[in-house]
Protein chains: 2
Amino acid sequence: MYDQLVDYIKSKITVSEQELEVILSYFKPVKLKKNELLLTHGQTSQRTFFVGTGCLRIFFITEEGQDATRYFAFEGQFATALVSFITSEPSEEFIQAVEDSEVFYITHNGFYDLLEIIPQWEKFYRSYLENAYVTNTRRLMSFLTLDAKEKYRQLLEENPDIVRRLSNKMIASYLNISQETLSRLKSKI
Amino acid sequence: MYDQLVDYIKSKITVSEQELEVILSYFKPVKLKKNELLLTHGQTSQRTFFVGTGCLRIFFITEEGQDATRYFAFEGQFATALVSFITSEPSEEFIQAVEDSEVFYITHNGFYDLLEIIPQWEKFYRSYLENAYVTNTRRLMSFLTLDAKEKYRQLLEENPDIVRRLSNKMIASYLNISQETLSRLKSKI
DNA sequence: CGAGGCCTTGACCGCGGTCAATGCCCGTGG
DNA sequence: CCACGGGCATTGACCGCGGTCAAGGCCTCG
């Protein structure tokens, strides 16, 4: 049941079996129903999640009440409201299960304990941060350069899963366009 | 002459004098004229820069030939085309001196050597990545939620230096609005 | 002194957002 | 099992933000 998580960790760093056990002992499983929130605006992000089955999304709500999705995490991916996790300040972002899901979490304290206990964990965190940075920067560049249609095209190419699996509402929120515009785009393609 | 750099490093991590010397030995100074490029599109980002005097900017050019600035680094700040530095792939981004500048650089290889040699350097990199991530994510959120006027207002509050010191062209590029729009905004405030 | 770059201002217009109406699908309870 | 209600998707009408194009003035540097 922890297999996916083990595979993921081993794909990033080299650790002994003992170390692996220590690492795993910090992760706890949780089951989630669709739409359940793991973190809301104003709370401090104290946990990082690994998705076993289902899907989580990280999003925030603008002053006008629209939601904007920053990230979807499917099976085998990590996710958290990273800014708040790093700064320990109240989070702008929400974390929500998009479908019924089974996830594992490690607490912020646990995560930082591991940085002290397991030398390789620092490398794990490095890789996590690097990935998060690259993903986010690419996303920033897309928003600065692409119009609605181009954003949708890019999504179709680079993340067809998202389009296949999620509702228009979710997709529109991820592309930061209105549902109506997305609907019109789809009918034209 | 290396004082600023020393202060910066000491503010981030605790190192012995010997370690500090090792670290500094990896940094080389360069003088730059205004508009000089340190990296252009298609090259791999092999260096990270620390600004002693002057200002660097990181930007990229869209298909329509507009430039969009991702980051300004003033005195006492680090800067690089981080995505390319991390991935070792050709950079989308350019690095340019906005003014006559004096900077120090460390090469990608040097940087990774230090990760092996100086245990604390891993922590330095961690802090660097965390900052870069937080900055970029906040920026992404601004672009998703604010209109032109609000972006300008936010800039005035959070980075008045940029407004005071740089040309309208630079500011507009940073806010990702046209020079004309910025000009109209300024006249209204 | 001339040329080129930057800033400003006006005219125009297109992308994409909002509002509203309608249809569809699905889950829930009588 | 069917009826109803609520959420999601589609489509049309409208319009405003901000971009482009163009002209004119100013400053700087060679």
Side-chain angles (χ1 to χ4, degrees), chain A residues 32-37 55 57 59-69 72 94 96-100 139 141-156 162-189, chain B residues 32-37 55 57 59-69 72 96-100 141-156 162-189:
Chain A
L32 301 163
K33 293 239 181 67
K34 181 173 174 172
N35 292 330
E36 205 171 326
L37 285 177
C55 175
R57 76 174 181 124
F59 69 103
F60 62 95
I61 297 188
T62 70
E63 287 141 30
E64 299 88 37
Q66 321 240 30
D67 72 33
T69 299
F72 290 112
F94 297 70
Q96 183 187 42
V98 177
E99 311 167 352
D100 292 354
R139 209 155 145 62
M141 290 176 68
S142 298
F143 283 121
L144 294 183
T145 57
L146 305 182
D147 64 21
K149 183 193 272 186
E150 291 167 332
K151 282 191 281 187
Y152 181 60
R153 278 230 141 87
Q154 193 187 56
L155 185 66
L156 274 176
I162 291 180
V163 180
R164 216 178 302 122
R165 190 159 157 181
L166 302 176
S167 69
N168 274 7
K169 198 183 178 179
M170 291 292 132
I171 299 170
S173 164
Y174 186 72
L175 296 177
N176 200 44
I177 62 181
S178 70
Q179 260 184 81
E180 291 95 325
T181 298
L182 177 59
S183 176
R184 284 184 245 268
L185 282 177
K186 281 187 149 180
S187 71
K188 269 187 226 153
I189 296 182
Chain B
L32 301 163
K33 293 239 181 66
K34 182 174 175 171
N35 292 330
E36 203 170 328
L37 285 177
C55 177
R57 75 175 182 125
F59 68 102
F60 63 94
I61 297 187
T62 70
E63 286 141 30
E64 299 87 37
Q66 320 239 31
D67 72 35
T69 299
F72 292 112
Q96 182 187 41
V98 177
E99 311 166 351
D100 292 353
M141 290 176 68
S142 297
F143 282 121
L144 294 183
T145 57
L146 306 181
D147 64 21
K149 184 195 271 186
E150 291 167 332
K151 282 191 281 186
Y152 181 59
R153 279 228 140 88
Q154 192 186 58
L155 185 65
L156 274 176
I162 291 179
V163 181
R164 215 177 304 121
R165 189 159 157 181
L166 302 176
S167 70
N168 273 8
K169 198 183 178 179
M170 291 292 131
I171 299 170
S173 163
Y174 187 72
L175 296 177
N176 200 44
I177 62 180
S178 69
Q179 258 183 84
E180 291 94 326
T181 298
L182 178 59
S183 175
R184 284 184 245 269
L185 283 177
K186 280 187 150 179
S187 70
K188 269 186 226 155
I189 297 185

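Every chain is numbered from 1 and lettered A, B, ... according to where its sequence line falls, protein lines coming before strand lines. Computation of the quantities below employed the complete heavy-atom set of this structure, encompassing side-chain atoms and omitting hydrogens, waters and symmetry-equivalent molecules. What you see is a predicted model; the values in this text were computed from it and never measured.
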Atom pairs under 3.5 Å: protein N/O with N/O of nucleotides 28-30 of chain D:
none

So how far is it from [X] [atom1] to [Y] [atom2], rounded to the nearest 0.5 Å?
{"X": "A:L146", "Y": "A:R153", "atom1": "CG", "atom2": "CZ", "result": "12.0 Å"}
{"X": "A:L182", "Y": "A:Y152", "atom1": "CG", "atom2": "OH", "result": "6.0 Å"}
{"X": "A:S142", "Y": "A:L155", "atom1": "OG", "atom2": "CG", "result": "9.5 Å"}

Of B:R184 and B:K169, the one whose closest DNA chain C nucleotide lies more 5': B:K169
Minimal non-hydrogen separation, A:K151 against A:L175, with atom names: NZ-O, 2.9 Å
Output field: ring centroids A:F72/A:Y174 closer than 6.0 Å: yes
Output field: ring centroids A:F143/B:F143 closer than 6.0 Å: no
Any side-chain donor near an acceptor of the partner, A:T69 and A:S173, under 3.5 Å: yes
Between A:N168 and A:K186, a side-chain donor and acceptor under 3.5 Å: yes
Any A:N168 side-chain nitrogen or oxygen under 4.0 Å from OP1 or OP2 of D:dT10: yes
Test side-chain contact (heavy atoms from CB on, under 4.5 Å) applied to B:K169 - qualifying residues, sequence neighbours left out: B:S167, B:Q179
Residues forming a side-chain contact (heavy atoms from CB on, under 4.5 Å) with A:K188, sequence neighbours excluded: none
Start and end of the DNA chain C segment that chain B contacts, any atom under 4.0 Å from a heavy atom: C:dC6 to C:dA11
Sugar-phosphate, base or nothing in reach of A:E150, heavy atoms under 4.0 Å: nothing
Donor-acceptor under 3.5 Å (A:D100 side chain, A:K34 main chain): yes
Check: B:M141 main-chain N/O paired with B:T145 side-chain donor or acceptor under 3.5 Å: yes
Atom-to-atom span, NZ of A:K188 to P of D:dA9 - whole angstrom: 18 Å
DNA chain C-proximal residues of residues 173-181 of chain A, any heavy atom under 4.0 Å: A:N176, A:I177, A:S178, A:E180, A:T181
A:F59, A:F60, A:F94 screened by side chain to side chain contact (heavy atoms under 4.5 Å, CB included) with A:D67, the one that passes: A:F59
Difference in axis direction between the ends of the helix from C:dC1-D:dG30 to C:dG30-D:dC1, five pairs, 10°: 40°
